*Asks:* 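Right, I'll just put the structure down here and ask away after.
Chain letters run A, B, ... following the sequence lines, proteins first, then strands; residues in each count from 1. It should be emphasised that the depicted structure is a prediction, and the values quoted were computed from it without experimental measurement.
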Amino acid sequence: MDETYFSRHTEFAWEIAPHGAMRVPAIIYADAALIRAMDDKVYEQICNVATLPGIVKAAYAMPDAHWGYGFPIGGVAAFDPEEGGVVSAGGVGFDVSCGVRCLHTGLKTEDILAVQEILADSLFNQIPAGLGSTGAIHLNSAEMDAMLLGGADWAVNQGYGNAADLERIEEGGQMRGACPDCVSAHAKQRQHDEMGTLGSGNHYLEVQKVAQIFDTPTAQAFGIQEQDVVISIHCGSRGLGHQIGTEFLRKMVTAAPQYGITLPDRELACAPINSPLGQEYLGAMRAAINCALANRQILTHLTRQAFSHFFPDAQLSLLYDVSHNTCKVETHLVDGNTRELYVHRKGATRAFGPGHPDLTATLRAAGQPVLIGGSMGTCSYILAGTEQREALAFSSACHGAGRAMSRHQAKKNWRGRKIMDDLAARGILIRSPSLRGVAEEAPDAYKNVSSVVNTADQAGLARKITCLEPLICIKG
DNA sequence: ATGTAC
């Protein structure tokens, strides 16, 4: 993108003044190199978001932002229902509540190296991965509704994991206000056999070592030391979330004129929060959030089973679970006033600072762990929310490296087999049902995660705590 | 991201 599009607020904040139908400014957090490399669609899309009714303060893009459906991926926007604010299916994204959780293992790198190949094979055998993959769990209608209401809490009650896991999940593992009746039969049917499955695309399960610590006291508060082994699971709400997104997007496009909403791009389809359709979507989306939380909880159970075979004494405890495709009601201070806002984060992670009342007691002093997944074969990061910078983007940070290239282009540039061989030579074992999927996910098809994270840190969105390097990656 | 689709 051309730097002259912006007035540069600080070294890491680039502002677009309101023009045309924009109600508020748009702000992109990035360094100069990321801005130059960012595709022009982010500019267009973030300006479009700024035109939506009831938007508060500004439309934001994170350093990993790239072209998405309607809203950019890496976008944050908050709306006030009292001012005609809207909720948008495209502003949440199709993979509702896609997110990352990170587990401690209590193991060290050398423990994994001793069994690396067979552990990789075992995880690959026991974690269903890939497009259309199904699991061993099949939910009847009553169980489906209970899952959509209960989330990870439901999963724990079914025997997948333990109660201690729940306090390390956003919303305590259960999103309130879910409405299973707002979820279509078709969406439920698509999820019937997909609980406890990883999915495809950028989803993965990684065994990682803590390679570097940048903030020792906070790392200690998170229970992390160098050379510790952790496991990160990145996945979402599978077919159910996708179906909900598809259906409500269509409904919102149709209903927009009757709500007097003019859309600069039909992909921005939305409905007033205070409308039947808006409420119906919020109920369905919250059910999909619970689906994703339950899914990651079941995958955690499967991972524990696989590990127990090799390490019978290992206790896999949950460090934290974040969702990065959501719309959540949160209280924020805006120009000195406390307001209840509907915060859309699409490819953006919540990043509550120290002292936030929604954080569990054991994490409140340190701030929320912000889990940033890298691309395949590259580092991931753990950051922490910052209190003083809450105002920057409604307590939000980036969510990953962010694509730099389309899947189509990536398939033309790389071969999956070659990528797997190159990574194996560096001690990183990839297991995937799809070589084409591996090519689409080539590390160089993504932005440099380290520069994205450094920018998030320097911009004050969140603080860098540790860097994780992959040892095993089960790729969807 | 997703049973590349009514």
*Asks:* Asn325(A) side chain N/O closer than 4.0 Å to the phosphate oxygens (OP1, OP2) of dA1(B)?
*Replies:*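 Checking dA1(B) against Asn325(A), no side-chain N or O comes under 4.0 Å of OP1 or OP2.
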*Asks:* Going by the rule side chain to side chain contact (heavy atoms under 4.5 Å, CB included), which residues pair with Cys179(A) if we only count those two or more places apart in sequence or in a different chain?
*Replies:*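 Here the qualifying residues are Asp181(A), Cys182(A).
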*Asks:* Which residue pairs pass the side chain to side chain donor-acceptor pair (under 3.5 Å) test when at least one of the two sits in residues 263-281 of chain A, sequence neighbours left out?
*Replies:*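 Those involving residues 263-281 of chain A are Lys251(A)-Glu280(A).
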*Asks:* Kindly list each side-chain donor-acceptor pair under 3.5 angstrom involving residues 201-208 of chain A, sequence neighbours excluded, with atom names and distances?
*Replies:*
| from | atom 1 | to | atom 2 | distance (Å) |
| --- | --- | --- | --- | --- |
| His203(A) | ND1 | Leu198(A) | O | 3.0 |
| His203(A) | NE2 | Asp95(A) | OD2 | 2.9 |
| Glu206(A) | OE1 | Gln208(A) | NE2 | 2.9 |
| Gln208(A) | OE1 | Ser232(A) | OG | 2.6 |
| Gln208(A) | NE2 | Ser380(A) | OG | 3.4 |

*Asks:* Which residues satisfy the side chain to side chain contact (heavy atoms under 4.5 Å, CB included) test with Ile73(A), sequence neighbours excluded?
*Replies:*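 Ile73(A) satisfies side chain to side chain contact (heavy atoms under 4.5 Å, CB included) with His66(A), Lys346(A), His399(A) once adjacent residues are dropped.
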*Asks:* Write down the protein N/O and nucleotide N/O pairs, taken from nucleotides 2-6 of chain B, whose separation is under 3.5 Å; answer none if there are no such pairs.
*Replies:*
| from | atom 1 | to | atom 2 | distance (Å) |
| --- | --- | --- | --- | --- |
| dT2(B) | OP1 | Arg238(A) | NH1 | 2.9 |
| dT2(B) | OP2 | Ser200(A) | N | 2.6 |
| dT2(B) | OP2 | Ser200(A) | O | 3.4 |
| dT2(B) | OP2 | Ser200(A) | OG | 2.6 |
| dT2(B) | O3' | Arg190(A) | NH2 | 3.0 |
| dT2(B) | O2 | His242(A) | NE2 | 3.2 |
| dG3(B) | OP1 | Glu194(A) | OE1 | 3.2 |
| dG3(B) | OP1 | Glu194(A) | OE2 | 3.1 |
| dG3(B) | OP2 | Arg238(A) | NH1 | 3.2 |
| dG3(B) | O6 | His186(A) | NE2 | 2.6 |
| dG3(B) | N2 | Arg190(A) | NH1 | 3.2 |

*Asks:* What residues, two or more places apart in sequence or in another chain, satisfy side chain to side chain contact (heavy atoms under 4.5 Å, CB included) together with Ala78(A)?
*Replies:*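 For Ala78(A) the side chain to side chain contact (heavy atoms under 4.5 Å, CB included) partners, ignoring immediate neighbours, are Leu341(A), Val343(A), Phe394(A).
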